[in-house]
Structures are given as structure tokens and as C-alpha cells.
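What you are looking at is a predicted structure, and each value in this text was computed from that prediction instead of being measured.
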Amino acid sequence: MQIKNKPTNHHTIASYFARTHINNVVLQGANEQHILAKAGLTSAQLQQLKSRVSPAQLASIIDSCWRVNGDEFLGLTEQKVKRGMFALLAERLINCKTLEEVLMHTSDFYQLTGDQLQLEIETKGTYVVCSLTINFEKKRIGSTPDSLLTELLLLIFHRFASWLIGELIPLNKVCVKHTQPEHHEEYRLMFPCRCEFEHKQNGLVFDAKYLLSPIVQHADSLSEYLNQVPLQWFRKQSYYDTYSAKVIRVLENAVLEKEAHLESVASTLNMSARTLRRKLIAEGCRFQQLKDNTRRDKAINLLEQDELTIAQIGLAIGFTELATFSRAFKHWTGVSPSTYRRYSA
């Protein structure tokens, strides 16, 4: 039996985001089943707290939210930020020369278009702090956490800015006002750095030298980018060059189990296992966690291939015993592989 790996984006996203975005837009009058059907999801899947969704599925949900309330800020601020505002901003930013100019124009843009978002840029020594102040709606109905919009905006700011200069902007840290959520482990996938919770402000901190980075994108590439928004924001960024990203790429291409060992991966990256372990720890990651995440995402991807048995999928990701694979998969997602496949059918 031939096992086919999809050519792009094996990674998955915590169902927390899908579930919370849907709950939020349902409070605003949307039809939950319509949104789920459009995204190719079922209620049973999202009821499993540890289940995962694909970038395309989450993008579909966000797009549905925008269509329902016509608000890029998801109906969570005092006034709407009408759909199309990001595209309007992006068309201005593509003409900037440097990242510093991009940040200044972004700050001016949101000051001119309303009071829902303020972006402040402050240089502190060798670092830059980009702080976001969001004017959340005070009398919001329901229990949608403020963190939902905060997480999304921080992700967009980092990933779009990195795309504009054509390389990852390494973050020194991410700061958020909210307390550490249950899905905090997902932050390591969203932001390749440490995160400080219960901070006085929401913001990104990075090396000031990146302010001088030139904008390498152009009008044609922006048009293609905007056609794929919001999916672009949730895809794995191909230019990420952190050590954790390098390890993930090696693990994704590993065919045999022995190729997925720390020593083997370190050798592929031309370093010792000890050096690689130290570099991953500095990024807030552990090798085994990266390996487990890669195995989990591969397994979820392969479960979509109905012709494969559960045992074949387990073997494909390095488990020789079906029982061992089932236990690991249940630990990762909360349900057995067969149950997961049934829920997503």
C-alpha cells in the first residue's frame, strides 16, 4: 500500500481556535452548522478538546466570521473595522522602503481609520517594542476572551511583516496582557520565542536592526498574498530559519524511524546532539515535543487516506505496535485514531 504525503503544510492547529471563533460568531447570529460544513468539520470533532484542525479549516472559519459581521476585528471591539481594511493598508505598505517605514505607516493608518487599534513603536537599546492597544467592547454579550483577537493580531503583524522583508523576524519575546491559557503550548508554534503572560501590554519585541530591512515584495506578489488571506496567516512560513523549524523540516522528511532520532537529526544539521538540544532549549522547545508534534500531524494527515489501516499509519510514523500508536495518538488528541477518523468522516 502506497502512503501519500501531501506536498504542503502537514502541520495542524489546536481546535481551541476553531471552537472559540465559531462560538463567538454564533453569539452574533451565525449558523454554526453552515460554518462547520463550509470548513469541512463536524461538531463531534470540535467537542474533543485536544483535537486538531488544518490551516485551511481555520481560515475558512475566520472568513465566515468576516462575512457574518463584516468586521475584521471579529465584532470584539467598540466599533467595526470593516472588511477590506487590511487589504487597503497592505496596498499602502507595499510601497514602503524599509520595515521601519512599514511600522510607522501602520501606526498612522489605524490612528486615521478609528480608535479600535493603536500601534506604538519604541526603541529600547538594541530592541524594538511594538505594542498593540485594542479598544475592546465593554458590554460584549457572551464569554469570548479578549485573547482571541489579541493572538490573531499579534500573529498577523509578525507574519505579514516577515513576509514583506522576505525573512523571519526573530522575536526576542511576545508579551500579552491575559493570563496563561490552557492552549499556551500552541504559542510555541505561533511565535518562535518565549511568551510573557499577564504583562502590562500586548506586544512583540525584536532586534532593532530589522527596522532597516528592505521591503522585497511587490504589487504582484501582494495581489497573490491577499487572494489567500486569511490562509496565509495560518500556514507554516517557508522562510522560518529557527533551529526548531529546521528540526521540523528534517523530521517531516524522515522516512525511517532511525532518521528521526536526536543524534541523526543533529548530524543532518551538522552539529552535535548536545549543541542542538541546547539551541532548542534556548528557543523554548524540546526535541521530543517537536518529534511528537510532527508525528501527530503526519498521523492526522494520513487518517484522511481511507485506504490506509490504522496499523499502516502507525508504522508510517514510526510505531511498530498498533497499541503503542493508539496510546500515543490518544495522548496527543484525546481520542483513539479510529475515533478521530470516524469523527472527521
Side-chain angles (χ1 to χ4, degrees), residues 12-90 109-110 112-118 132-157 159-160 176-179 181-183 186 190 202 226-235 334 343-345:
T12 59
I13 300 166
S15 62
Y16 161 83
F17 296 102
R19 191 165 47 250
T20 310
H21 276 290
I22 288 178
N23 290 343
N24 175 57
V25 76
V26 167
L27 287 172
Q28 300 173 48
N31 184 298
E32 179 178 359
Q33 292 307 314
H34 287 175
I35 295 175
L36 285 170
K38 182 173 178 287
L41 290 167
T42 65
S43 297
Q45 282 177 278
L46 294 189
Q47 286 170 3
Q48 300 300 321
L49 298 184
K50 297 171 77 172
S51 62
R52 314 285 297 181
V53 300
S54 71
Q57 288 171 328
L58 181 58
S60 174
I61 292 170
I62 299 293
D63 185 69
S64 293
C65 294
W66 287 345
R67 291 178 184 277
V68 168
N69 54 37
D71 184 1
E72 290 188 352
F73 283 10
L74 310 171
L76 299 178
T77 52
E78 284 290 339
Q79 296 177 358
K80 287 185 176 183
V81 175
K82 292 186 177 181
R83 192 177 185 192
M85 197 68 75
F86 173 80
L88 182 64
L89 170 63
F109 179 85
Y110 281 108
L112 287 171
T113 55
D115 300 323
Q116 307 319 300
L117 177 68
Q118 289 183 324
L132 302 183
T133 301
I134 305 170
N135 185 20
F136 285 104
E137 185 180 1
K138 304 297 188 300
K139 300 178 180 179
R140 190 163 68 242
I141 300 173
S143 57
T144 304
D146 290 350
S147 59
L148 190 67
L149 181 58
T150 300
E151 292 162 341
L152 179 61
L153 291 180
L154 288 174
L155 184 76
I156 293 170
F157 270 86
R159 295 198 169 182
F160 185 59
V176 293
K177 289 184 177 181
H178 54 265
T179 58
E182 291 185 4
H183 62 279
E186 203 74 8
M190 297 162 60
N202 300 306
L226 293 176
N227 285 337
Q228 298 181 58
V229 165
L231 179 57
Q232 279 281 11
W233 302 331
F234 307 131
R235 281 176 169 165
Y343 283 162
S344 61

Problem set entry | With S15 via side-chain contact (heavy atoms from CB on, under 4.5 Å) - residues at least two apart | R19, L46, S51, V53
Exercise. For atom CG of N31, is the number of surrounding heavy atoms from other residues, nucleotides or ligands below 6.0 Å larger than 12?
Worked result: yes
Exercise. Is the distance between the ring centroids of W233 and F86 less than 6.0 Å?
Worked result: yes
For this session: Answer yes or no: is there a side-chain heavy-atom contact under 4.5 Å between P181 and Y16?
Result: no
Seminar exercise, completed: Residues at least two apart in sequence or cross-chain that pass side-chain hydrogen bond (donor to acceptor under 3.5 Å, both in side chains) with H178, listed by chain then number, are Y187
For this session: Could you check if a side-chain atom of L88 sits within less than 4.5 angstrom of a side-chain atom of F109, using non-hydrogen atoms only?
Result: yes
Problem set entry | Any residue meeting salt bridge (Lys or Arg N to Asp or Glu O under 4.0 Å) with D63, in chain and number order, not counting sequence neighbours | K38, R67, R83
For this session: Could you check if a side-chain atom of C65 sits within less than 4.5 angstrom of a side-chain atom of Q28, using non-hydrogen atoms only?
Result: no
Seminar exercise, completed: Residue set satisfying side-chain hydrogen bond (donor to acceptor under 3.5 Å, both in side chains) with E78, at least two apart, ordered chain then number -> none
Problem set entry | Results of side-chain hydrogen bond (donor to acceptor under 3.5 Å, both in side chains) for T133 - residues two or more places apart only | none
Exercise. Can a donor-acceptor pair be found between the side chains of R159 and Q232 at a distance below 3.5 Å?
Worked result: no
Exercise. Rounded to the nearest 0.5 Å, how far does CG of D146 lie from CD of E151?
Worked result: 10.5 Å
Problem set entry | Donor-acceptor side-chain pairing of T42 and Q47 below 3.5 angstrom | no
Exercise. For E186, what residues pass the side-chain hydrogen bond (donor to acceptor under 3.5 Å, both in side chains) criterion, not counting sequence neighbours?
Worked result: R52
